[in-house]
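Take a look at the structure set out below.
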Amino acid sequence: MARPLPIALLSPLLALAHLPAAYAQQANDTTAAQQNQQETLVVTSDRLTDVLPQSYRAQRSSLASGHPVSFLEEARTVETVTAQVMRDHNINSLSEAMTMVAGVTEGNNMGGTEDGFIKRGFGSNSDGSTLIDGIRQPRGTFSMATVERVEVLKGPASLFQGQQDPGGVINLVTKRPEYEWQREISAEASSFGGGNASVDVTGPLDDTGLAFRFIIHHEDEDSFRAFGSDRRTIVAPSLRWEGSDSRAQISYEYRDYDLDLDRGTVMIDGEPANISRKQRLDESWSRVFGHDEAVTAWWEQDINNDWSTRLTYGWNRRQYSDGQPRVIRVNEETGALTRRADANYGFDRRVQYTAWDTSGSTTLAGMRHDLTIGVDHERQRDYLAEVYRGTAVTNQNIYDISYGGLTLDSDSLNLSLSQRLDEINSTGVYLNDRWHFNDRWTLGLGARYTHYEQFGGRGQDFVTDTDISDVIFLPSISLLHRLTPETSVYASYSEAFVPNGADSDTGQMLEPEHSKGSEIGVKHLWNDQFSLAVALFDIRKENVAVSDNGVTRTVGEAGSQGVELTVSGQLTDQLSLLGAYAYTDTEVLKDTEGAQGNRLTNAARHTASLYLAHDLTTAPELGNWRLGGGVRYVGEREGDADNNFQLDAYTVADAFIGWDTPWLGDNLHLQLNAKNLFDTTYYPSSGGSTRVVVGDPLEVSLQASVRF
């Protein structure tokens, strides 16, 4: 059984409260300014103050409490991958952004076509944990072309986000229209072949009070493997309006894509097959193609100086199809490969979301209450029209493979698996109160009441697999104490739930997942730009869905506990730092199929990273230079639910150098990035013994952008 972590681990960090008097006075002044800002900006649509320009840390976030809360006042772990971090390290995808977050590892990613992450030991590509501007997204891959920053709320997060996995939620905060003209043209070339290009224009529309933004992005990049490429085009217009006491915004995003579906390599005798990491075991037609659409709109009205109300609407739709030569098994003695030609045509995944909430502050009995109360409704609909399952053939060998030996047969349509439908309709009421006893003690009380209905089935002669409804009550509570103006300690408890659908192949009904988590931590702010956070956590989850080689089932109960440490911000005016360490201990606590005592798949016990960036000011007449890099370490992970094999630990290094110069009167930025600097061979995640992801080798990219 997993053992509780000693609270004494925090005791050395509490010494941070005893600082030199001069330093403490400086911190007092900084914190007082932040508190004044928080009091006057209880609810606002202005997100520019959340992260200062060129910063490696966020000052505040709304993700955990429903309204902006400063770093020291938030009794939860919220980490932010800022715009400057993404720019320095050339982060183009959500999977790259998550390498910067403590305790997050890659999960089964559907051959690189669906983002899936393990957060504090839990998560999958279908857990619904990815949000854009607070609205849940259908499963898929996410580009950073329209994203300003990425926020990660750790632990159970159902209070505002509804049905969620207990590992946490990932929120992509998009770039908004601005009232000052900004124009940027950028392009990038990769050593893999191909690259991307973007145009981003924003500014006011005369004297209408409106501002617009228009982003168009196209990428076409080759794979480092034997064949394959990813192509994606994004068009994203948006409008914003600001009045004296009201604000509104509407945005639309269209994504068209044709992506490589690469299941990676196979395991032989507990190790990745001894073949070239460039070699593929499928065919060139293994791809996912389709398009996504998303509409987001919100309107916010000030009621008075202390209260405001907000109406939010979101609609997302993903329509796509896929085809893949699926590896069924491999003969470990001879290398003989058994494959099957599979396809899924006519996926239609939709999420429709509406929320209305009111936030503000009031004083009762001399104590301030920061309140958020609201109601939301969400409808998720997943439909698949046609499922093709070919006949398994053994006509290849991993040590001497020749491509072209497997094709899709249109006669392999499986009528019993086709016309698959899964719908979830949920309505929730939520309340959150941050109760300030005085300037040192804050009690957080939250609750969510959710009613949901789930219906699902499949087949040309439709067979119902799921038809249930239930009422869920999810509490949350926290207590925060300001030891000093620059140090706070806290404890929190919260619950979450996720309705499971039926297994995609067998149709077996999977029971809903219920989870609860607790966290204690300490946060310290040295100055306005450098912070430290340490958190101890413990999570318990029932009916955990696990999947190996495409077959999904649930285990009775699993647990996760550990410690996370992050430091971020400016060490000096020229030196930025982002560092993290996480220890995550997972265990199957109850199971009827022999997995009790096992560790959870893809959950590394140890992860760590350290990134630095430095501005050079030796020759200003030659422009501004910025260079940096860092390393990340991911420890050993279990490759399947039965713990039959492990993925080895790995360390990857990155580096960059950038140059800004005002050539031709414009702001020209050139940057050279090297990812996996030492060309390490590694395997970041597994979906089973026949689905082991191969990590990218050394990639060198050159970027150029002009702002005017």
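Position 1 is the first residue of the sequence, and the numbers go up from there.
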Sidechain-backbone polar pair: D165 side chain, S124 backbone, donor-acceptor under 3.5 Å:
no

Are the side chain of T363 and the backbone N or O of M367 linked by a donor-acceptor pair below 3.5 Å?
no

Backbone N/O of S426 and side chain of H377: donor-acceptor pair under 3.5 Å:
yes

So does G134 get a backbone contact from the side chain of N171, meaning a donor-acceptor N/O pair under 3.5 Å?
yes

Donor-acceptor side-chain pairing of R57 and S531 below 3.5 angstrom
yes

Hydrogens and angles aside, do W356 and T309 bring a side-chain donor and acceptor to less than 3.5 Å of each other?
yes

Would you say F708 and I185 make side-chain contact, with heavy atoms under 4.5 Å?
yes

Just by modelled atom types, is the R120 backbone N or O under 3.5 Å from a matching donor or acceptor in the S560 side chain?
yes

For F214, look at atom CZ and say whether over 12 heavy atoms of other residues, nucleotides or ligands are found less than 6.0 Å away.
yes

Would you please say whether a donor-acceptor pair under 3.5 Å links the side chains of T82 and T80?
no

Between K154 and F537, is a side chain to side chain contact (heavy atoms under 4.5 Å, CB included) present by the stated rule, with each step listed?
CA-CA 10 Å; K154 302 289 189 64; F537 64 87; over 6 Å; no

Please examine the side chains of V104 and E79, heavy atoms only from C-beta on, and report whether any two atoms are closer than 4.5 Å.
no

Partner set under ring-ring contact (aromatic ring centres under 6.0 Å, His included) for H481, not counting sequence neighbours:
W441

Tell me, do I91 and M100 make a side-chain contact under 4.5 Å, heavy atoms counted?
yes

If you compare all heavy atoms of Y430 against all heavy atoms of L159, which two are closest, and at what distance to 0.1 Å?
CB-O, 3.6 Å

If you compare all heavy atoms of L578 against all heavy atoms of S568, which two are closest, and at what distance to 0.1 Å?
CD1-CB, 3.6 Å

Can you measure from CZ (R381) to CZ (F455) and round to the nearest 0.5 angstrom?
11.0 Å

I'd like to know if the side chain of Q59 and the backbone of F71 have a donor-acceptor N/O pair within less than 3.5 Å.
no

Would you check if there is a donor-acceptor pair between the side chains of H291 and Q319 at a distance under 3.5 Å?
yes

Just by distance, with hydrogens left out, do T372 and D357 show a side-chain donor and acceptor under 3.5 Å apart?
no

Would you name the heavy atoms of V81 and A97 that are closest together and state the gap between them?
CG2-O, 3.7 Å

Residues passing the side-chain hydrogen bond (donor to acceptor under 3.5 Å, both in side chains) test with R318, sequence neighbours excluded, are Y257

What's the separation between atom CZ in R310 and atom OG1 in T358, rounded to the nearest 0.5 Å?
12.0 Å

Give a yes or no answer on whether the side chain of R139 reaches the backbone of E114 with a donor-acceptor pair at less than 3.5 Å.
no

Hydrogens and angles aside, do E564 and T77 bring a side-chain donor and acceptor to less than 3.5 Å of each other?
no

Testing K523, E73, H524 for side-chain contact (heavy atoms from CB on, under 4.5 Å) with S488, which one passes?
K523

Answer yes or no: is there a side-chain heavy-atom contact under 4.5 Å between H89 and T99?
no

Test item: Y493 and P156 side chains (from C-beta on) under 4.5 Å apart, heavy atoms
no

Hey, are E253 and T146 close enough side-chain-wise for a donor-acceptor pair under 3.5 Å?
yes

With rounding to the nearest 0.5 Å, note down the distance linking CG in D573 to CD in Q54.
11.0 Å

Using modelled atom types and a 3.5 Å cut-off, is there a donor and acceptor pairing between side-chain atoms of R213 and backbone atoms of T202?
no

Modelled atom types, side-chain donor and acceptor of Y490 and E519, under 3.5 Å
yes

I'd like to know whether M144 forms a side chain to side chain contact (heavy atoms under 4.5 Å, CB included) with L94, so could you lay out the CA-CA distance, the side-chain angles of the two residues, the decisive distance to 0.1 Å, and finally the verdict.
CA-CA 7 Å; M144 299 293 102; L94 184 56; 4.0 Å; yes

At what distance, to the nearest 0.5 angstrom, does CD of E74 lie from OG1 of T442?
10.5 Å

Below 4.5 Å, heavy atoms only, C-beta onward: do W307 and L371 meet side chain to side chain?
yes

Work out which heavy atom in A211 is nearest to a heavy atom in P177; give both atom names and the distance.
O-CB, 3.5 Å

Could you check E542 against R540 for salt bridge (Lys or Arg N to Asp or Glu O under 4.0 Å), going step by step and ending with a plain yes or no?
CA-CA 7 Å; E542 298 176 351; R540 293 292 182 268; over 6 Å; no

Donor + acceptor pair across side chains of D370, S361 (<3.5 Å)
yes

Look at the aromatic rings of Y252 and Y254 and report parallel, tilted or perpendicular, splitting at 30° and 60°.
parallel

If you take all heavy atoms of F160 and A64, which pair is closest and at what distance?
CE1-O, 3.4 Å

Worked check of side chain to side chain contact (heavy atoms under 4.5 Å, CB included) between Q137 and F142
CA-CA 10 Å; Q137 303 298 302; F142 299 92; 3.7 Å; yes

If you measure from CD1 on I132 to CG on L172, what distance do you get to the nearest 0.5 Å?
5.5 Å

Run the salt-bridge test on E300 and R247 with the 4.0 Å N-O cut-off and return the result as yes or no.
yes

Salt bridge flag under 4.0 Å for residues D382 and R349:
yes

With no hydrogens and no angle check, just 3.5 Å: does a side-chain donor-acceptor pair link Y56 and Q529?
no

Apply side chain to side chain contact (heavy atoms under 4.5 Å, CB included) to the pair S129 and K119, showing each step before the final yes or no.
CA-CA 10 Å; S129 65; K119 307 168 292 293; 3.3 Å; yes

Kindly indicate whether the side chain of I472, heavy atoms from C-beta on, has any atom under 4.5 Å from the side chain of Q163.
no

I need the Q380 CD to R350 CZ distance, nearest 0.5 Å.
13.5 Å

Does E242 offer a backbone N or O that forms a donor-acceptor pair with the side chain of Y179 under 3.5 Å?
yes

Please name the pair of heavy atoms, one in I118 and one in G123, separated by the smallest distance, quoted to 0.1 Å.
CD1-O, 3.3 Å

When you check the side-chain N and O atoms of S705 and R707, is any donor under 3.5 Å from an acceptor?
no

Less than 4.0 Å between a side-chain N and a carboxylate O, is that true for R448 and E495?
no

Which is it for F212 and W181 under the ring pair (Phe, Tyr, Trp, His ring centres under 6.0 Å) test, yes or no, and what are the steps along the way?
CA-CA 10 Å; F212 81 97; W181 280 101; 5.6 Å; yes

R149 side chain to A83 backbone, donor-acceptor under 3.5 Å
no

Would you check if S576 and Q84 make a side-chain contact, meaning some heavy-atom pair closer than 4.5 Å?
no

How about Q249 and S238: does a side-chain donor come under 3.5 Å of a side-chain acceptor?
no

